[in-house]
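Small disclaimer: the values here were computed from a predicted structure and weren't measured. Throughout, numbering of the chain's residues begins at 1 and tracks the sequence.
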Amino acid sequence: QVQLVESGGGLVQAGASLRLSCAVSGRTFTMAAMAWFRQAPGKEREFVGAITNRASKTYYADSVQGRFTISRAVARNTLYLQMDSLKSEDTAVYSCAASSLTYPHENYYRTARTYDYWGQGTQVTVSS
């Protein structure tokens, strides 16, 4: 079994930065890929970014490309999301997710149903 626990959320002003962390325990980094998703009130969950284990390829949603950076520290069993130049529209609950399988196309990694394990989420609020 795999457990994911997010931390690092909070209330910041527009333009500020935050770094989210996702601590992974259990089968840890045998996971093929990990990702961040977010869900704002009244909206559907949306893809933020993903990173593959084998090639360390990264993928981002257009809305965060150039502002957010996803990375992982294998030795610490931790996934990160560095968020810069935050906007009010980034306000949401951010959740990390892990997939035990490898897929042939990046579109799979952008889809929530690809992921087997999920954390509880951490709230990020950006005031304008």
Side-chain angles (χ1 to χ4, degrees):
Q1 197 55 274
V2 175
Q3 295 81 41
L4 309 177
V5 179
E6 303 93 339
S7 62
L11 171 63
V12 297
Q13 291 189 333
S17 297
L18 273 178
R19 188 176 79 159
L20 305 183
S21 299
C22 174
V24 185
S25 61
R27 287 169 53 197
T28 63
F29 277 65
T30 58
M31 292 296 106
M34 297 195 68
W36 290 95
F37 285 78
R38 67 186 182 186
Q39 187 166 20
K43 295 187 177 181
E44 294 186 353
R45 180 167 54 191
E46 67 171 342
F47 170 77
V48 175
I51 185 167
T52 63
N53 185 26
R54 183 173 300 178
S56 293
K57 291 185 178 181
T58 55
Y59 308 105
Y60 297 96
D62 290 344
S63 59
V64 307
Q65 181 75 49
R67 298 188 299 121
F68 291 11
T69 304
I70 190 170
S71 62
R72 57 194 300 176
V74 176
R76 297 181 180 179
N77 294 333
T78 304
L79 178 73
Y80 300 103
L81 183 67
Q82 176 67 40
M83 305 186 294
D84 299 319
S85 301
L86 282 161
K87 305 175 181 180
S88 57
E89 51 263 44
D90 294 320
T91 296
V93 174
Y94 285 71
S95 299
C96 64
S99 170
S100 57
L101 300 178
T102 301
Y103 292 90
H105 193 277
E106 68 173 82
N107 285 349
Y108 289 92
Y109 298 115
R110 298 175 180 269
T111 304
R113 61 178 178 269
T114 289
Y115 297 90
D116 312 293
Y117 306 98
W118 290 83
Q120 292 298 311
T122 184
Q123 177 69 47
V124 172
T125 303
V126 184
S127 63
S128 57

Backbone N/O of [Y] and side chain of [X]: donor-acceptor pair under 3.5 Å:
X	Y	value
S85	R67	no
Y109	Y103	yes
Y117	C96	no
T111	N107	yes

Nearest-0.5 Å distance, [atom1] of residue [X] to [atom2] of residue [Y]:
X	Y	atom1	atom2	value
E106	T58	CD	OG1	10.0 Å
R72	S21	CZ	OG	14.0 Å
E46	W36	CD	CH2	14.5 Å
N53	S99	CG	OG	10.5 Å

Which atom names give the shortest non-hydrogen contact between [X] and [Y], and what distance separates them?
X	Y	answer
S95	E6	CA-OE2, 3.3 Å
Y94	F68	OH-CE2, 4.1 Å
S17	Q82	CB-NE2, 3.9 Å

Side-chain heavy atoms of T91 within contact of Q123, under 4.5 Å: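 Yes, at least one pair of side-chain atoms sits under 4.5 Å.
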
Non-hydrogen side-chain atoms of I51 and L79 separated by less than 4.5 Å: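 Yes. Closest side-chain heavy atoms under 4.5 Å.
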
Shared hydrophobic cluster for [X] and [Y] (ILVMFWY, side-chain gaps under 4.5 Å):
X	Y	result
I70	M34	yes
V48	M83	yes
Y59	L81	no
L4	Y115	no
Y60	Y80	no

Aromatic plane relationship, W118 with F37 - under 30° parallel, 30 to 60° tilted, over 60° perpendicular: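 Taking W118 first and then F37, their aromatic rings sit tilted (interplane angle of 30° to 60°).
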
Evaluation steps, side chain to side chain contact (heavy atoms under 4.5 Å, CB included), between V64 and R38: CA-CA 12 Å; V64 307; R38 67 186 182 186; 4.0 Å; yes

